[in-house]
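What follows is one structure encoded as structure tokens, with my remarks underneath.
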Amino acid sequence: MRDRLQRPLQDLRISVTDRCNLRCQYCMPADREYHFMPNAHVLRYEEIERLVRLFVKLGVEKVRLTGGEPLIRRDLSTLVGKLSSIPDLRDLGLTTNGMFLAEKVEGLVANGLKRITVSLDSLEPKVLEVMSGRSDLQTILAGLQKSRNLGLDPIKINCVLVRGLNEPYVMDMVAWARENGFEMRFIEYMDVGTLNTWGEDHVVPGRELLARIQDQF
């Protein structure tokens with residue numbers, strides 16, 4: 001498969017659920033009402049496996065499981081096992097908010113998970129609570145530590161940067177990621193259809209962020 005510029009399409013993201021256990025203000029603010037997909041309409045694991053096998057035949061080499069929050073899907077390690085056994089699929093990853101990582105990562109790795117990306121917007125518990133509605137920082141850190149001990153590599157950290165909120169602590173995140181061997185990635189705060197309180201004054205330009213990081217490191 002190729003796009004209109006003749007670039008090969010080799011990566012596939014699969015959302016295993018639209019539900020999430022957090023209400024991050026930039027994504028699913030708590031003051032909004034959400035209507036989720038009925039369970040009967042959600043793809044079964046056997047259906048996902050069949051689709052991935054077809055996509056691999058068309059040239060896909062990498063699959064990333066996402067949500068919502070994928071770890072709230074029951075027995076996700078079963079799906080990981082099914083997908084990791086597909087010939088010519090060389091990479092299988094997962095994006096998660098990390099809340100259930102410590103209790104589930106061992107089974108995921110045992111079934112063939114290769115790498116993870118964890119969404120973590122701050123190392124300051126109070127800031128994290130404002131941004132996600134939860135402040136279980138130690139739970140997330142424990143999951144990251146266990147993931148590293150199990151050999152997942154790379155471990156990427158996604159941080160949505162909002163000026164005046166978690167932006168003042170950005171260098172702490174960079175230093176922490178460097179010390180622990182994590183790949184730090186900052187995500188632009190974007191407008192998601194007027195559901196959040198987005199404003200241009202809340203956005204931190206990439207060139208500004210890069211200059212701050214280069215100044216210290």
Are any of the side-chain heavy atoms of C159 and N166 separated by less than 4.5 Å? yes
If the condition is ring pair (Phe, Tyr, Trp, His ring centres under 6.0 Å), which residues does F182 pass it with, not counting sequence neighbours? W176
Nearest heavy-atom neighbours spanning R163 and D201: CD-O, 3.6 Å
Please check if the side chain of T17 supplies one atom and the backbone of P70 the other of a donor-acceptor pair under 3.5 Å. no
Report the hydrophobic cluster partners of M37, with the cluster defined as I, L, V, M, F, W, Y residues connected by side-chain heavy atoms closer than 4.5 angstrom, directly or transitively. V42
Is R115 paired with D91 through a side-chain N to carboxylate O contact shorter than 4.0 Å? yes
Would you check if I116 and K156 make a side-chain contact, meaning some heavy-atom pair closer than 4.5 Å? no
Under 3.5 Å, sequence neighbours excluded: what are the donor-acceptor pairs made by side chains of residues 78-89?
unit_1: T78; atom_1: OG1; unit_2: D75; atom_2: O; d: 3.4
unit_1: S84; atom_1: OG; unit_2: V80; atom_2: O; d: 3.1
unit_1: S84; atom_1: OG; unit_2: G81; atom_2: O; d: 3.2
unit_1: S84; atom_1: OG; unit_2: N111; atom_2: O; d: 2.7
unit_1: S85; atom_1: OG; unit_2: K82; atom_2: O; d: 2.8

R90 versus K62: any side-chain heavy-atom pair under 4.5 Å? yes
Derivation and outcome, side-chain contact (heavy atoms from CB on, under 4.5 Å), residues V16 and T66: CA-CA 6 Å; V16 298; T66 68; over 6 Å; no
What residues, two or more places apart in sequence or in another chain, satisfy side chain to side chain contact (heavy atoms under 4.5 Å, CB included) together with H35? E33
Can you sort out the partners of R50 under side chain to side chain contact (heavy atoms under 4.5 Å, CB included), two or more places apart, ordered by chain and number? L54
Test your reading of the model: is there a side-chain donor-acceptor pair from D136 to the backbone of T139, 3.5 Å cut-off? no
Side chains of E69 and T96 only: does a donor on one sit below 3.5 Å from an acceptor on the other? yes
Quick one: does R13's side chain have a donor or acceptor within less than 3.5 Å of a partner on R64's backbone? no
What residue pairs, at least two apart or across chains, pass salt bridge (charged side-chain N to carboxylate O under 4.0 Å, His left out) with a residue in residues 103-113? E106-K146
Report yes if some heavy atom in the side chain of L161 is under 4.5 Å from a heavy atom in the side chain of L209; otherwise report no. yes
Distance-only criterion, 3.5 Å: show the donor-acceptor pairs between side-chain atoms of residues 210-217 and protein atoms not counting sequence neighbours.
unit_1: R212; atom_1: NH1; unit_2: E167; atom_2: OE2; d: 3.0

All pairs passing ring pair (Phe, Tyr, Trp, His ring centres under 6.0 Å) where residues 111-170 contributes a residue, at least two apart: none
Return all side-chain donor-acceptor pairs below 3.5 angstrom for residues 125-133, not counting sequence neighbours, or 'none' if the list is empty.
unit_1: S132; atom_1: OG; unit_2: L128; atom_2: O; d: 2.8
unit_1: S132; atom_1: OG; unit_2: R134; atom_2: N; d: 3.3
unit_1: S132; atom_1: OG; unit_2: R134; atom_2: O; d: 3.0

Could you tell me which residues satisfy side chain to side chain contact (heavy atoms under 4.5 Å, CB included) with R44, sequence neighbours excluded, listed by chain and number? E46, E47
For R74, which residues count as a side chain to side chain contact (heavy atoms under 4.5 Å, CB included) partner, sequence neighbours excluded? none
In the structure I gave you, are the side-chain heavy atoms of L108 and L94 within less than 4.5 Å of one another anywhere? yes
Indicate yes or no: at least one non-hydrogen side-chain atom of V105 is less than 4.5 angstrom from one of L150. yes
Within a strict 4.5 Å, meaning less than it, do heavy atoms of the F55 and M1 side chains meet? yes
Hits for side chain to side chain donor-acceptor pair (under 3.5 Å) against N158, two or more places apart or cross-chain, chain-then-number order -> R185
